[in-house]
J.: 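Just dropping this structure here.
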Amino acid sequence: MSALVLTGAGVSTADVAAVAREARKVEVAPDVIGRLERARKVLDQAAASGQPIYGLNTGLGANLGTTVEGDASVFQRQLLEGRSGAVGEALSVESVRATMFARAAMLSTGGSGLSPAVFVALVDALNASVHPVMPSLGSIGAGDLVLMTALARLLTGEGEADYQGRRMPAAKALMMARLVPISLAPKDGLSLINASAVSAGSGALVVTDALSALAQQHQAGALTMEGIGANRTILDPRLHMARPAAGQQEAAKALHDLLARDEAPAPAPTTLQDPLSIRCMPSIHGALIEAIGQARQAVEIELNAAADNPLVLSDDDLVLSTGNFHTAALSLVFETLGLAIAQCAAASAARFIQLTGSGRNGLPKYLSPVGGASAGFVPLQKTATSILAAIRHRANPVMLDFLPVSEGVEDHATQTPLTVAKCAGMIALWRRLIAFELMAAAQAIDLRDRFTPAPRTAAVHTAIRALVPALKEDRPLGIDAEALYAALAGGGWQVNLRPADLVQEQA
């Protein structure tokens, strides 16, 4: 795999996922170093002129009015030590790698004034897989400063690191990777930490996972339409051109393509109108397509932006204070994405209950081939309901939950890391409901007399049956659901479909 080259622009959420999950190497374009050198020169000249510069010759937060005396480089180390207040379970290695890459991408725009050697050290640590142990609790979204101190301290040889699957002192990890601790010039410490890189990096992974789960949800929804004998006229493109709501045409096309039978006619519908969870799938999935697109756009703005405070404007020889680190828009799109996921998950759960209920459209009660006292699929309705409740709980907004801190200087926040984290948790739960729907829809297809699914839904059915056999008599279906969920979540879900059917390019 070729290295990803940082140029100061054009970084995508897919790039973040490749670096975080596939260990893709990162290179730096030569003009990036030149850009960093120019910004550093402007910063040093401004400091030499006596200009008050936040975090370089002034204190932080409520200490803004305090002048930094003595060695400004020593103050940068003090700044990191004093703000290492994060606690809780450590972020996963992939989240930390996403954070490291996100910060490198932001820094490559040249707005921070960071010393080029420090930037190179960050990229070298990422490529060598030396990762800081980064506690997860401490950011309120007004920049991820408290969390980011773990990264800056790692580069100076302080704190703990994860290296080759082992937790060890950062200095030892750097030594084993043949790297050396850095020295901090004035403002270097603040430049490393005063950013929303945790939010942007983790957000990129959430967008990637949402796209993957959406593709799987399309497959489950189409399979349900096959299994229940749904009326396919709802996918007629003319209907969606008549009401071109966000993402609706794309969703209808994705479902239509999954159900396409080439030259063969579609089977006759078993009903004039299906329940709303089936009939309104294009609208429900379309809203999610739109929400994912908005989240991706917001994350990619952050990845390719200079969000530093203070900001170095090299072309104008200026250093100005900003609020660019504040991520209200980013938090809002993940709140919205969470609600869209919850809507889609609720519809999936509703379709599962329709499939596994008293016997709709000629299907046997509880999808049991033996009938009588057989429980069939119906006990999983309780589990599906409990999962949906957990999703709905996480869908509650949190971006307004903050208190004024730092003597009222920081009196507004966005809770972006929390909105991103709860969205990630919702995707994991949603995939469990998708697994339930896939299992029930496959069972329904098996129980329909003389029925052959379309080629692409047949491929989905085959993939399910490779992991979960058809239900012939009662057995622990929770075990089957876990096996299918593991494949959906862990990359083991292999379905022979054309890339266009996955709608990842359309979302």
J.: Would a distance-only check, ignoring hydrogens and angles, find a side-chain to backbone donor-acceptor pair under 3.5 Å from D162 to V133?
T.: no
J.: Do L126 and L122 come within less than 4.5 Å of each other through their side chains, counting heavy atoms only?
T.: no
J.: Only one of D308, N324, L145 passes side chain to side chain contact (heavy atoms under 4.5 Å, CB included) with N194; say which it is.
T.: L145
J.: Counting C-beta onward and ignoring hydrogens, is there a side-chain heavy-atom pair between F101 and V96 closer than 4.5 Å?
T.: no
J.: Should the pair E22-R97 be classified as a salt bridge under the 4.0 Å nitrogen-to-oxygen rule?
T.: no
J.: Checking side chain to side chain donor-acceptor pair (under 3.5 Å) for the pair Q217/E437: CA distance, chi angles, key distance, verdict?
T.: CA-CA 9 Å; Q217 182 65 86; E437 185 179 357; 3.0 Å; yes
J.: In Å, rounded to the nearest 0.5 Å, how long is the span from CG of L107 to CZ of F119?
T.: 6.5 Å
J.: Could you tell me whether the side chain of R103 reaches within less than 4.5 Å of the side chain of I193, counting heavy atoms only?
T.: no
J.: Any donor-acceptor pair under 3.5 Å linking the side-chain atoms of H240 with those of Q249?
T.: no
J.: State whether R77 and D188 are salt-bridged, where the test is any N-O pair (Lys NZ or Arg NE/NH1/NH2 against Asp/Glu carboxylate O) under 4.0 Å.
T.: no
J.: Less than 6.0 angstrom from the centroid, inside 45 degrees of the normal: does R432 satisfy that with respect to the ring of Y485?
T.: yes
J.: With heavy-atom distances below 4.5 Å as the criterion, would you say the side chains of T419 and T414 are in contact?
T.: no
J.: Output yes when a side-chain donor or acceptor of S212 lies under 3.5 Å from a complementary backbone atom of T208, and no otherwise.
T.: no
J.: In sequence, state the C-alpha distance, the side-chain angles, and the governing distance for S92 and S95, and then conclude on side chain to side chain donor-acceptor pair (under 3.5 Å).
T.: CA-CA 5 Å; S92 67; S95 293; 3.0 Å; yes
J.: Distance only, no hydrogens: is a donor on one side chain within 3.5 Å (strictly under) of an acceptor on the other, for D15 and S12?
T.: yes
J.: Counting N and O atoms only, with roles assigned by atom type, does the side chain of K25 sit under 3.5 Å from a partner on the main chain of N127, one being a donor and the other an acceptor?
T.: yes
J.: Answer with yes or no whether the side chains of D144 and S139 bring together a donor and an acceptor at under 3.5 Å.
T.: yes
J.: Please examine the side chains of V130 and M176, heavy atoms only from C-beta on, and report whether any two atoms are closer than 4.5 Å.
T.: no
J.: When the ring centroid of H131 is compared with that of Y163, is the distance short of 6.0 Å?
T.: no
J.: Distance alone, cut at 3.5 Å: any donor-acceptor contact between the side chains of S199 and T327?
T.: no
J.: Side chains of L211 and I292: closer than 4.5 Å at any heavy-atom pair?
T.: yes
J.: Side chains of S136 and E89: donor-acceptor distance under 3.5 Å anywhere?
T.: no
J.: Ignoring hydrogens and geometry, is there a side-chain-to-backbone donor-acceptor pair from R35 to T7 under 3.5 Å?
T.: yes
J.: Checking the side chain of N304 only, and the main-chain atoms of I301 only, is there a donor and an acceptor separated by less than 3.5 Å?
T.: no
J.: Are the side chain of E335 and the backbone N or O of M399 linked by a donor-acceptor pair below 3.5 Å?
T.: yes
J.: In Å and rounded to the nearest 0.5 Å, what is the CD to CG distance from Q219 to L214?
T.: 10.0 Å
J.: For R394 and A390, indicate whether the former's side chain and the latter's backbone hold a donor-acceptor pair under 3.5 Å.
T.: yes
J.: Drop me the distance from I387's CD1 to L433's CG, to the nearest 0.5 angstrom.
T.: 5.0 Å
J.: Quick one: does E158's side chain have a donor or acceptor within less than 3.5 Å of a partner on A170's backbone?
T.: no
J.: Kindly check if the number of other-residue, nucleotide or ligand heavy atoms within 6.0 Å of CD (E81) is above 12?
T.: yes
J.: Find the distance between CD (Q415) and NZ (K422) and round it off to the nearest 0.5 Å.
T.: 11.0 Å
J.: Indicate whether any N or O donor in one side chain lies under 3.5 Å from an N or O acceptor in the other, for S283 and Q248.
T.: yes
J.: What's the separation between atom CZ in R392 and atom CD in Q343, rounded to the nearest 0.5 Å?
T.: 10.0 Å
J.: Would you say Q216's side chain and L438's backbone share a donor-acceptor pair under 3.5 angstrom?
T.: no
J.: From K172 NZ over to E160 CD, what is the distance, rounded to the nearest 0.5 angstrom?
T.: 11.5 Å
J.: Between L488 and R431, what is the shortest heavy-atom contact and its length?
T.: O-NH1, 3.4 Å
J.: Just by modelled atom types, is the V206 backbone N or O under 3.5 Å from a matching donor or acceptor in the D209 side chain?
T.: no
J.: Are L137 and V146 packed together at the side-chain level, in the sense that at least one heavy-atom pair is separated by less than 4.5 angstrom?
T.: no
J.: Please examine the side chains of L80 and L184, heavy atoms only from C-beta on, and report whether any two atoms are closer than 4.5 Å.
T.: yes
